[in-house]
Number of protein chains: 4
Amino acid sequence: MAAGTGHRRGSDTKAEIRSVAMELFTEKGYEATSLREIAERLGVTKAALYYHFTSKEDIVVSLFAEHLATFDELIAWARTQTPGPQLLTQAIDRMIDMASERGSRMVRFALANQRVIKDLHPGHQSVHERMNTLFEALTGPGASVEEALRIRMALLSVNFTYFAAQGLDASDAEVTAAARSIAHLLNPVTAEASAAAAPVTPPVAEAPAVG
Amino acid sequence: MAAGTGHRRGSDTKAEIRSVAMELFTEKGYEATSLREIAERLGVTKAALYYHFTSKEDIVVSLFAEHLATFDELIAWARTQTPGPQLLTQAIDRMIDMASERGSRMVRFALANQRVIKDLHPGHQSVHERMNTLFEALTGPGASVEEALRIRMALLSVNFTYFAAQGLDASDAEVTAAARSIAHLLNPVTAEASAAAAPVTPPVAEAPAVG
Amino acid sequence: MAAGTGHRRGSDTKAEIRSVAMELFTEKGYEATSLREIAERLGVTKAALYYHFTSKEDIVVSLFAEHLATFDELIAWARTQTPGPQLLTQAIDRMIDMASERGSRMVRFALANQRVIKDLHPGHQSVHERMNTLFEALTGPGASVEEALRIRMALLSVNFTYFAAQGLDASDAEVTAAARSIAHLLNPVTAEASAAAAPVTPPVAEAPAVG
Amino acid sequence: MAAGTGHRRGSDTKAEIRSVAMELFTEKGYEATSLREIAERLGVTKAALYYHFTSKEDIVVSLFAEHLATFDELIAWARTQTPGPQLLTQAIDRMIDMASERGSRMVRFALANQRVIKDLHPGHQSVHERMNTLFEALTGPGASVEEALRIRMALLSVNFTYFAAQGLDASDAEVTAAARSIAHLLNPVTAEASAAAAPVTPPVAEAPAVG
DNA sequence: CATGAATGAGCTTTCATTCAT
DNA sequence: AATGAATGAAAGCTCATTCAT
């Protein structure tokens, strides 16, 4: 029969929730993070979270949505292009750009929460289905298993490189740069050309002809 | 009342628990798998699990232990070797061999449970610490960030390639083979040599002499 | 900015709340109906409900009040009458009339929410106390348990008949008519007289003389 | 990391849970009774309830099941009989017998929890469907609405009479007896015969001829 | 070698209610 | 006349863990 005090904080609680959730989900994982923890860190009650989000899952969906939008654009763009060697190279670069623009936050988040993300179906399509759509748009029909895997690895290289960089003293920029050069090493198209020349530095410059 | 074990399950309940846990931890993750589930699948009570393991964590430790042993051997071996280009190449091959021998089970398990594994400290050293030990043994002191990352990516390529292969119709052998060729592509040492030659097919055969 | 109410809903939000609450309380019961639901159906916030009512209970009190008023009139009237056979017969008819005038809405509502209603004490007297007051006014002091129960059943027959009619394809008018005839069958006074005559069809018409 | 004491109470906790739940569900209703309350009354934790029942609903199902079994027998029996005037009379008596055997507990319970009971579908059929099955077995195809309702009311008379008896100082036996006589008054078959005779006293004895 | 019975802590979620604006 | 933002309490439920038998 008694109840709370209502309204208090002036600014943007919803944004703060997202921010704290992002941090905790990345640090400890979605499943291991409780709503109590998020609320406590914010000096708010659990019920307040439910004013802004309909469920715990809703928070994670909301966090992932912005990333997904950019990703969906990439897919849409890829579909409009005519398949060919250049497309793949461009797609890889776009993928890395996506990550470097938003900084490493989202990559780390996605890495730490694959499982939940795998279960989400925002916009009637799972992330895996989208991924496969992209792969298919880039991979010709007659690709070998190895070729297909190299393309996949190239596209996912940012994620993996960030994972591998754990414990290494390197800036986000350095990691992203390494991811880019790795991606192009894996790219079956550029690999042959650039291989003989500059294996370590990113093949940003013109590809020198091979003897 | 007659002679015999007096219990219905033949012998190796402990092994069965490990087997079921392996399956479920890989499928749904450690945190999302409850002891109830494991027990139910085995037709045993939860309490029975506590006869064989002291805690839930104990199960995961036990599962990871065998993998860790092989890995520790790899580290020990690497430390005895004199650093140099060949060491790295051999280490990569050993790493892939480890995975292909045990089959993909352990790789998938480790992939699905990085977080718990990260928190384990079996033998007074975390997996990450061991990983870094290995990296340091293989990477010379003056290595650039990019070089370091390529080495790490090369060593972890089996894991990542299995991840990337999700949704692709490929056998374990095919994935492992692709991982091997990817690893060697990333290897700063072999990359220069093999690049001009056989970028796609695995360099299993003898290394062609370099001009 | 122009003249007018300045708000979108014409006027009688309070009435709309009552109407929606009536519907939901009847359909799902008081306890199982949340204020959120009521508010949502109305396109209003929960807080708005508190502008018009002081509590959830206040809503149910308000809904039941109109029914109670009519009922209190019946009690008051009964008390002014001299006890006797005719009084009971008239009281039963008034009881049924009450229901048929307001339609079945209130009967169904009361049926679905006995428990809350039992806990209400509007006007310093619970519904049960009022009921007993009425029963006492109608039942002579020397009545047997069975006689008392038949009178009670007769007075409550509308409610019970509506309950029993669930799943039967019958109009409100038909149910009310059946309730009336059942009530009079149970009435110890009229029973003897009408019994020999028209047991099934309602004794709406004049009672044909017996023998 | 700390945990409970395990095993303590020697006897039949499950039965005690059922007993306490029966009491509370009847007194305050299913929805208004919390598992915490049940547990507290028993000096047990909520989790203990979940050892014995899979859910709150499971408790109510379990409580209602015994009643339902008897009821299903009645339906099964009714279906084997050839329809006719006697069948109805016998069915009514069986219905009342059911209640008087088990005492009033179940009747009061059912009365207080219609809503939950309505939502249960034990054995792939709701209580309402069963009720209708019985009604159809007893009511001829050409029955009028009023006739149908009188039969229904007759069969449900125990329930309703117990409800009506609230606040009246009467023993279970007296209430049951009254319910029986009321049921037979409503029975279209016996009504005609007994009407002329003994409307108030139960028609168990022979009907004395009227002057 | 294993079960039966239980615990305590915690989880996600919902509810009625409040109050400054 | 009504909303936006929040609260405190409680609900149903699950989990890892314990221990006498």
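Lettering of chains follows the sequences in order, A, B, ..., and the numbering in each one begins at 1.
- Listed for the B:K56 side chain is a donor-acceptor partner under 3.5 Å among the backbone atoms of B:Y30.
- Taking all atoms of both residues into account, the shortest heavy-atom contact from A:S126 to A:H121 is CB-CE1, 3.6 Å.
- Picking from E:dT13, E:dT17, F:dT3 the nucleotide with the shortest atom distance to the side chain of C:Y50 gives E:dT17.
- Mapping D:T54 and C:A47 onto DNA chain F via the closest heavy atom, the residue that lands nearer the 5' end is C:A47.
- Shown here are the side-chain contact (heavy atoms from CB on, under 4.5 Å) partners of A:Q166, two or more places apart in sequence or in another chain: A:F163, B:K118, B:H128.
- Picking from F:dA2, E:dA6, E:dT3 the nucleotide with the shortest atom distance to the side chain of D:H52 gives E:dA6.
- Atom CD in A:E31 sits about 14 Å away from atom C1' in F:dC15, given to the nearest Å.
- Distance from the side chain of D:V44 is smallest for E:dT7 among the nucleotides E:dT7, E:dA2, F:dG4.
- You'll find that the side chain of C:Y51 is closest to F:dA2, out of E:dA6, F:dA2, E:dC19.
- The stretch residues 17-27 of chain C does not touch DNA chain F, since none of its heavy atoms comes less than 4.0 Å from the strand.
- Listed by chain and number, the residues in a side-chain contact (heavy atoms from CB on, under 4.5 Å) with B:A48 are B:V44, B:T45 (sequence neighbours excluded).
- A sub-4.0 Å separation between OP1 or OP2 of F:dA1 and a side-chain N or O of C:T13 is absent.
- Between F:dG4, E:dG4, E:dC1, one nucleotide has an atom nearer to the side chain of B:T45 than all others, and that is E:dG4.
- Among the duplex regions that DNA chain E forms, those built from at least three successive Watson-Crick or G-U pairs under 3.5 Å are E:2-21 with F:2-21, ordered by first number.
- Side chain C:K46 to base E:dT17: a donor-acceptor pair is found below 3.5 Å.
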I would like to know whether C:T26 and C:R105 meet side chain to side chain donor-acceptor pair (under 3.5 Å); could you show each step before the answer?
CA-CA 8 Å; C:T26 303; C:R105 279 170 51 254; over 6 Å; no
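- Looking at which nucleotide of DNA chain E each of D:A48 and B:A48 is closest to, the 5′-most match is held by B:A48.
- Side chain of B:K56, nearest nucleotide from E:dT17, F:dA16, E:dC19: F:dA16.
- Between the side chain of A:T33 and the main chain of A:G29, a donor-acceptor pair closer than 3.5 Å is present.
- Taking a 4.0 Å limit (strictly below) on heavy-atom distances, residues 33-40 of chain C reaches DNA chain E at C:T33, C:S34, C:L35, C:R36.
- Remark: A:V127 engages A:F64, A:L68, A:I117 in a side-chain contact (heavy atoms from CB on, under 4.5 Å) (not counting sequence neighbours).
- Between A:S62 and the choices A:H52, A:K14, A:E57, A:R18, the side-chain hydrogen bond (donor to acceptor under 3.5 Å, both in side chains) rule is met once, by A:R18.
- Here A:S55 does not reach the OP1 or OP2 of E:dT12: none of its side-chain N or O atoms lies under 4.0 Å away.
- Looking at D:E23 and D:R41, a side-chain N of the basic residue comes within less than 4.0 Å of a carboxylate O on the acidic one, giving a salt bridge.
- Contact check on C:E31 versus D:R115 returns no salt bridge, with no Lys/Arg side-chain nitrogen under 4.0 Å from an Asp/Glu carboxylate oxygen.
- Salt bridge status for C:E40 with C:R36: present, with a side-chain N to carboxylate O gap under 4.0 Å.
- Closest approach of B:F53 to B:D58, counting heavy atoms only: CA-OD2, 3.4 Å.
- Following rounding to the nearest Å, A:L49 (CG) and F:dA5 (P) show an atom-to-atom distance of 14 Å.
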